[in-house]
Amino acid sequence: MNVQWYPGHMTKAKRMMQEDIKLIDLIVELVDARVPLSSRNPDIDELGRNKSRLILLNKSDLSDERRNREWENYFKEKGFYVYPVNARSGAGLKAVNGLIQEACKEKIERDRKRGIKNRPIRAMIVGIPNVGKSTFINSFAGKACTKTGNKPGVTKGKQWIRLNKGVELLDTPGILWPKFEDQEVGIRLAMIGSIKDDILNLDELSLRLIGYLREEYPGILSERYQIEEEGSDLEILESIARSRHCLLKGQELDYSKAAGILLDEFRNGKIGRITLECPPDPKKSLDQEKG
Ligand code: G4P
């Protein structure tokens, strides 16, 4: 993986984020429920210290429900507010307003004591690319939302979306950078389709996925492709190629085509609801886990 472009890009993103964070009370961080750790960057913990925090496990329609609950508990134990959502369908979004109030209750109380009434909570959405930030803003803010435009004292050009009387959302999300230096993180993000396929070896990726599914979700491949889950991972890919009639000229099997089908169907949730990461040992710190 080419990481040469990365430092400059990251510095700029970080600087922009720092400026935006000064304007807000609450960070709503979207992670991908299939890879809740690989799809987050713990730098946000440093950038967002002293801010209220809400983590949304997005695309929870594609992830394993049992694991969703485990991840909810995991993040709760770390002191975050957390909730599974589906930004595409809108499922779970109704609860988010309440959670925002809950996460900011100390600020609301502080304001009240100082006699400040009706100052809206200001929030921003952050997350790595493709995690669903734009989809979330569109579904959550809805069609009825009003853009509040520039206000005196607010950095020029910032647009706020008034969600209701109590909450305003920065209309442009903060883009976090994935932890590409960790190869396993890169592989998991590739599996969910968050890294461009043209820089990847899809055959290898599909073999990794097959290995994981056989171990964590035994039977799921045999059910989807009507194959036996026997032999090596390569033999499984071969069986998928045969079952889906992936053939090159003559009768030779087209492994790459089978790999593409498998990855596609996994990413679209057709194989089933699958989570690629389970919560690590709660005794370890997040930084150690990201390693
Ligand atoms: P970003 O701003 O964070 O980069 O992500 P964006 O909203 O563009 O979403 C990336 C893709 O993820 C989109 O699909 C979007 O529809 C999908 N998505 C977002 N939230 C959810 C969710 O909760 N569940 C599921 N299943 N998908 C979700 P796309 O294929 O790129 O576009 P499209 O097919 O929706 O047009």
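All figures in this text were calculated on a predicted structure; none of them were measured in a lab. Just so you know, ligand 1 is whichever comes first in the structure, and atom 1 is the first atom listed for that ligand.
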Nitrogen or oxygen of Ala87 less than 3.5 angstrom from that of ligand 1: yes
Heavy-atom nearest neighbour in the protein, as seen from atom 10 (C) of ligand 1, with distance rounded to 0.1 Å: Asn130 OD1, 3.1 Å
Donor-acceptor contact present, side-chain Arg267 to main-chain Met191, <3.5 Å: yes
Contacting atoms of ligand 1, where contact means under 4.0 angstrom from a heavy atom of Asp61: 22 (C), 23 (O), 24 (N), 25 (C), 26 (N)
Residue, atom name and distance, where the atom is the protein heavy atom closest to atom 18 (N) of ligand 1: Lys59 CE, 3.7 Å
Gly127 backbone acceptor or donor facing Glu29 side chain under 3.5 Å: no
Heavy-atom nearest neighbour in the protein, as seen from atom 29 (P) of ligand 1, with distance rounded to 0.1 Å: Arg88 NH2, 4.0 Å
Atom 22 (C) of ligand 1 - nearest protein heavy atom and its distance: Asn86 OD1, 3.2 Å
Per-atom contact, atom 31 (O) of ligand 1, protein heavy atoms, under 4.0 angstrom: no
Top protein contact for atom 15 (C) of ligand 1, by heavy-atom distance: Thr135 OG1, 3.6 Å
Donor-acceptor under 3.5 Å (Asn58 side chain, Val131 main chain): yes
Plane angle bin for Tyr74 and Trp71 - parallel if under 30°, tilted between 30 and 60°, otherwise perpendicular: perpendicular
Leu62 contact mode with ligand 1 (heavy-atom cut-off under 4.0 Å): side chain
Donor-acceptor contact below 3.5 Å, side chain Asp25 vs main chain Arg122: yes
Side-chain donor or acceptor of Ser60 paired with backbone N/O of Ala33 under 3.5 Å: no
Closest protein heavy atom (residue, atom, distance) for atom 1 (P) of ligand 1: Lys133 N, 3.5 Å
Top protein contact for atom 20 (N) of ligand 1, by heavy-atom distance: Asn58 ND2, 3.1 Å
Under-4.0 Å protein heavy-atom contact, atom 36 (O) of ligand 1: no
Tyr217 side-chain N/O to Thr275 backbone N/O, donor-acceptor pair under 3.5 Å: yes
Any donor-acceptor pair under 3.5 Å from Arg214 side chain to Glu229 backbone: yes
Nearest protein heavy atom with distance in Å, relative to atom 5 (O) of ligand 1: Gly132 N, 3.1 Å
N/O donor-acceptor pair under 3.5 Å between Asn41 side chain and Trp177 backbone: yes
